[in-house]
**Student:** 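Before we start, here is the structure in question, set down as C-alpha cells.
Counting from 1, the numbers follow the sequence of the chain as shown. Start at 1 and go down the list; that is how both ligands and their atoms are numbered.
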Amino acid sequence: MNHFCDIDDIDDLSGWLARGKALALDQGALGTPGKGKTLCLLFFNNSLRTRLSTQMAARRLGLEVIVMNFGAEGWQLEYEDGTVMDGGKAEHIREAARVVGTYADLIGVRAFAGLQDREADYAEQVLKGFARHSGVPVLNMESATAHPLQALADALTVEAYRKTDRPKVVLSWAPHPRALPQAVPNSFVRMMRRMPVDLVVTHPEGYELAPEITGGAPVVYNQEEALKNADFVYVKNWSSYTRYGQILTQDPGWMMTRNKLGTAQFMHCLPVRRNVVVEDAVLDSAQSLVIHQAANRTRSAQLALAHLLESNA
Ligand code: SN0
C-alpha cells in the first residue's frame with residue numbers, strides 16, 4: 001500500500017515537478033484516474049486552503065469527495081492498544097479507520113500536533129493509525145510533524161519563480177501570539193534539501209528544528225546576516241522543538257519587513273497574522289508569492305492524489 005504521508009513518499013521529485021508544470025498549463029493533464037472512486041477527507045483541525053484545494057484537485061481527477069469535520073463532530077478516538085475504554089474516548093482507531101476504509105477508496109487526514117508530548121506527536125499516532133488500519137491509501141493534509149502538500153506547492157512555486165539556477169532560500173522564524181507546530185518548517189526544510197537551492201535557516205536560539213530534519217543545513221542566528229543576498233525568504237512561526245511546544249520569545253524584531261526583504265521574493269504558507277509575522281507592505285507588494293503558493297496547493301494535491309491512484313491501481 002502506498003501512502004502520501006511525507007515528502008519521502010515522493011520518489012522522483014523532478015518528475016513530479018515536471019508534471020506540476022504541465023498541470024499549470026492544462027489542469028486536465030493528469031486525466032481522470034479517480035473516476036468511479038471516492039475520497040474521504042477527515043479534518044481534526046481547521047482549514048481553508050487544504051479543504052478547498054484538495055476537493056478541487058479530487059474533482060479534476062474524477063474523484064467523488066466526502067468531507068467530515070471529525071474534530072468537532074466525530075467520536076473521541078482511542079489510539080493505544082489494550083486500553084480499557086471506560087473514559088471519554090468512545091471509539092478505537094482500529095474500528096474507525098477500517099469503517100472509513102469501507103466507504104472510501106482514499107482517505108485524507110488533517111491532525112495537528114498537540115504540542116504537549118513530543119514523543120506522541122513525532123510518533124504520528126493519528127495519521128499512521130489511519131494508514132495502518134484503514135486498508136486504503138492515506139493522504140497527509142498536515143499531520144503532527146509534516147505538511148508535504150504545502151512543501152510540494154512551495155517547491156512548485158520556487159521552480160516557477162526562480163531567476164537563477166541555484167537560488168538562495170532563507171527560512172526565517174517569526175513571532176506569533178500562539179504556539180504553532182513544526183510541521184510546515186519541517187517539510188519545507190526537507191523539501192528544499194532535495195532542491196537545487198542554497199538553504200539557510202534563521203531563528204532565535206532555542207528554536208532549532210529536529211536534527212534529523214535540518215540534517216546539517218546551515219543555521220544562522222543573526223537574521224540580518226542570514227538574509228543577505230536572499231532570492232526567496234520563507235517566513236513562518238513555530239514553537240520550540242527542544243523545549244517542546246513552548247513559546248520562548250515574541251520579539252517583534254523578528255517580524256519580516258519590506259526593508260529586511262530587500263529584493264527577495266516573499267513566501268508564507270498562510271494563514272498569516274499581518275503586522276505580527278510580516279508587515280502589510282510586504283504582503284501587498286508584487287514580491288509576495290503567497291497567493292501563487294496557495295494556487296499551487298490544488299496542483300500539489302492533484303499530483304499526490306494521482307500518484308496514489310496510479311501506484312495503488
Ligand atoms: C497552522 C500551522 O501549522 O502553523 C497551519 C498552517 C498551514 N497554522 C495555524 O494554526 C495558525 C493559527 C493562528 O492562530 O494564526
**Student:** Once ring-ring contact (aromatic ring centres under 6.0 Å, His included) is applied, do any residues pair with Phe112, and if so which ones, sequence neighbours excluded?
**Tutor:** none

**Student:** Would you please indicate yes or no on a ring centroid separation below 6.0 angstrom for Tyr79 and Phe130?
**Tutor:** no

**Student:** Is there a donor-acceptor pair under 3.5 Å between the side chain of Thr257 and the backbone N or O of Lys260?
**Tutor:** yes

**Student:** Students often mix this up, so state it plainly: with edges at 30° and 60°, are the rings of His268 and Phe266 parallel, tilted or perpendicular?
**Tutor:** parallel

**Student:** Compute both the distance and the angle, then confirm whether Arg51 meets the cation-pi test with Phe43: under 6.0 Å from the six-membered ring centre, within 45 degrees of the axis.
**Tutor:** yes

**Student:** Between ligand 1 and the protein, which N/O pairs fall short of 3.5 Å?
**Tutor:**
from, atom 1, to, atom 2, distance (Å)
ligand 1, 3 (O), Glu142, OE2, 2.6
ligand 1, 4 (O), Lys236, NZ, 2.8
ligand 1, 14 (O), Arg178, NH1, 2.7
ligand 1, 14 (O), Arg273, NH2, 2.5
ligand 1, 15 (O), His176, NE2, 3.1
ligand 1, 15 (O), Arg273, NE, 2.9
ligand 1, 15 (O), Arg273, NH2, 3.4

**Student:** Would you say the rings of His307 and Phe4 are close, in the sense that their centroids are separated by under 6.0 Å?
**Tutor:** no

